[in-house]
Amino acid sequence: MQNQPEQSRMDKIVSLAKRRGFIFQSSEIYGGLNGFWDYGPLGVALKRNLKECWWHDMLTGHDELATLPGAPTPYEMTGLDCTIIMHPQVWKCSGHFDLFHDWLVDCRESKRRYRYDHLKGRWASHREKRVFVVTEQSGDEALVETAAKAQKFFGLRANKSNEIEWTGAMVPLAGNAPFAESLGPDAASPGTLTEPREFNLMFETRIGALAGNDDDRAFLRPETAQGIFMNFKNVVDTSRVRVPFGIGQIGKSFRNEITPRNFTFRSREFEQMEIEFFCKPNDSAAWYRFWRDRRWNWYLNLGLTPGRLQLREHDADELSHYSVGTADIEYAFPFLPDGEFGELEGIAHRGDFDLRSHMEGKLVRRDGALVVETDDAGKPRHRGSGKDLSYFDDISRERFVPHVIEPSAGADRAVLAFLCDAYHEDEVPDEDGKPRSRTVLKLHPRLAPLKVAILPLVKKDGMPEVAIDLYRKLKPQMATMYDEKGSIGRRYARQDEAGTPWCITVDGQTLADTTVTLRDRDSLTQIRVPLDECIDLLRSRLV
Ligand code: GAP
């Protein structure tokens with residue numbers, strides 16, 4: 001079970017996100033739409049800053065002349081922005097059309113729908129009756145829920161619940177219990193769950209006004225990655241990049257998740273930040289390790305608490321049929337049971353699977369090798385483009401199909417992780433020196449929606465004029481706010497909740513010696529700084 005403080009912590013974060021305009025439910029006035037979220041004024045700034053950090057740190061700020069620690073050689077990075085709807089053949093050759101599905105189970109009684117792999121349960125018996133009690137919960141919560149359901153099912157009072165006999169541990173429903181004897185999470189009697197069936201997660205649409213036949217069928221992309229493979233040849237032919245190089249893209253992806261949940265964590269519309277890094281086959285293992293470590297350090301450098309982050313290498317049986325190695329960067333989100341982590345980003349060694357699929361057709365692994373999948377007539381099941389996507393290295397005079405390393409991150413999940421990590425409650429002295437509890441978002445200054453707030457101590461004696469003048473100088477340089485409403489304590493509190501790292505107060509002394517007070521959100525220190533040094537000082541702290 002989520003321990004109580006962690007659960008209420010998550011509730012508080014969700015409530016702050018709404019109250020302060022970070023994240024709203026989509027179409028809220030119509031009751032909302034499950035799995036869709038809007039970013040409000042502070043949220044959009046936070047998310048844009050996060051994406052800008054990624055774009056800068058991975059692409060535009062990259063020094064292609066240097067050999068970074070752990071990198072086999074220098075490398076180049078470039079960007080791309082592809083369409084959301086692409087030729088349907090893209091998804092057939094990539095494997096998404098046939099394979100990108102979850103197994104779902106319906107409940108005939110409650111009409112609820114579940115992901116098969118999320119259902120688990122345990123056997124309970126009382127006198128002659130025996131039932132497999134199913135739950136969607138994990139950890140202690142699963143034990144509590146199944147105990148309450150069994151008690152109700154057997155018609156026992158609370159003081160008789162110890163008469164229930166439990167056999168075995170909590171195990172997945174899959175493969176462990178007949179459906180006829182399984183009591184669904186929201187059902188009153190067993191046998192109401194349907195057999196699992198495949199559910200493709202791609203959103204389908206139709207192209208054109210006369211839509212109607214199968215040729216018009218198209219899909220909203222479930223990942224941005226395929227657009228990069230579509231343009232591999234374009235980029236090589238039109239820019240001066242040479243292997244090894246990476247192409248980055250940030251954009252919307254869509255997945256018709258069966259059970260969107262945990263705030264924005266599993267949404268149906270979300271943004272990804274993906275890199276496809278193309279390299280020589282022989283160097284690919286070293287590049288995989290390089291990108292895994294580079295992406296791990298990115299989260300740490302932006303301030304995520306190391307103890308809440310985990311790097312998890314997939315076991316061999318978890319790897320996709322084409323993958324040589326995959327690692328997930330995971331975060332201990334507060335909505336998860338103690339000791340559980342949720343995926344922020346996957347770094348995958350994809351070999352030459354993607355480029356070959358789009359050349360030759362959909363590939364499958366047979367006898368250890370990737371071969372084109374064929375139908376009953378021996379023809380390719382999904383035909384590739386037939387275009388040559390190999391690369392000719394004019395220095396080594398070699399031609400090869402590059403291998404791909406793919407660091408694939410979710411922008412929304414990262415925003416959620418940074419919000420959760422930044423959320424703190426502490427006590428600060430108020431204007432009279434008495435302790436006052438405060439909520440503060442300790443966001444890294446690069447991520448903070450506002451960098452600085454300019455506050456005249458009082459609305460008279462020439463203080464607003466000096467403050468507005470400073471505000472106008474700072475505003476073109478960084479996200480700055482001017483606020484003269486309310487007591488200074490309340491204004492600090494508002495900025496702390498928004499995650500603003502610095503406040504500058506113009507007070508009586510400013511008028512005498514042209515210095516201002518610079519307050520630091522985290523240390524609460526207040527130092528006096530000459531007015532004309534403020535801009536340089538803050539800019540130097542923003543790198
Ligand atoms: N191209 C590889 C790929 O898409 P993925 O693990 O399916 O890999 C990459 O997705 C990242 O996208 C995840 O680590 C996660 O951060 C984000 N993501 C995936 N599904 C999501 C969803 N339903 N809601 C929010 N973010 C999601």
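Predicted model, so just to flag it, every value in this text is computed and none were measured. When a ligand or atom number is given, it counts from 1 through the structure's own listing order.
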Would R268 count as a cation-pi partner of F254, with NZ or CZ less than 6.0 Å from the six-membered ring centre and within 45° of the ring normal?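 Not satisfied by the 6.0 Å and 45° rule.
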Start with the C-alpha distance between D57 and R446, add both sets of side-chain angles, then the distance that settles salt bridge (charged side-chain N to carboxylate O under 4.0 Å, His left out), and finish with yes or no. CA-CA 12 Å; D57 298 347; R446 288 179 74 198; 2.9 Å; yes
Does only the side chain of R268 get under 4.0 Å from ligand 1, or the backbone, or both, or neither? Count heavy atoms.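 Answer for R268: neither.
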With heavy atoms under 4.0 Å as the rule, classify the contact between L344 and ligand 1 as side chain, backbone, both or neither.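 Just the backbone.
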Protein heavy atom at shortest distance from [atom]:
atom	answer
atom 12 (O) of ligand 1	Q272 NE2, 3.2 Å
atom 3 (C) of ligand 1	S408 OG, 3.5 Å
atom 25 (C) of ligand 1	F265 O, 3.1 Å
atom 15 (C) of ligand 1	R413 NH1, 3.5 Å
atom 17 (C) of ligand 1	G410 CA, 3.7 Å

Given C82, which partner from the list Q226, M230, R221 fulfils the side-chain contact (heavy atoms from CB on, under 4.5 Å) test?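 For C82, the side-chain contact (heavy atoms from CB on, under 4.5 Å) check succeeds only for R221.
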Before you tell me yes or no, could you show the steps for E497 and R19 under salt bridge (charged side-chain N to carboxylate O under 4.0 Å, His left out), namely the whole-Å CA-CA distance, both residues' side-chain angles and the distance that decides it to 0.1 Å? CA-CA 10 Å; E497 263 196 352; R19 189 173 76 249; 2.6 Å; yes
So if I count the atoms of ligand 1 from 1 in the order they appear, which ones are less than 4.0 Å from some heavy atom of E406?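 Per the distance check, 1 (N), 2 (C).
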Just jot down the ligand 1 atoms closer than 4.0 angstrom to any heavy atom of E223, in number order.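 Ligand 1 atoms under the 4.0 Å threshold to E223: 1 (N), 2 (C), 3 (C), 4 (O).
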Assess D412 for proximity to ligand 1: is some non-hydrogen atom of it under 4.0 Å away?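 So D412 does not count as touching ligand 1.
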In terms of heavy-atom contacts, does NZ of K252 have more than 12 from other residues, nucleotides or ligands at under 6.0 Å?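 Counting neighbours around NZ of K252, more than 12 heavy atoms of other residues, nucleotides or ligands fall under 6.0 Å, so yes.
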Kindly assign one of parallel, tilted or perpendicular to the pair H101 and W103, based on the angle between their ring planes and the thresholds 30° and 60°.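 Plane angle over 60°, so perpendicular.
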Relative to the ring of H62, is the ring of Y75 parallel (under 30°), tilted (30 to 60°) or perpendicular (over 60°)?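 Geometry flag for H62 against Y75: parallel rings.
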Closest to atom 13 (C) of ligand 1 (judged by heavy-atom distance), picking from E274, E271, E343: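 Nearest option to atom 13 (C) of ligand 1, by heavy atoms: E343.
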Of the listed options E345, R255, R266, closest to atom 5 (P) of ligand 1 (non-hydrogen atoms):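 Among E345, R255, R266, the closest heavy atom to atom 5 (P) of ligand 1 comes from R255.
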Taking all non-hydrogen atoms of both residues, which atom of F341 and which atom of A332 are closest, and how far apart?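 Reported closest heavy-atom pair: CD2-N, 3.5 Å.
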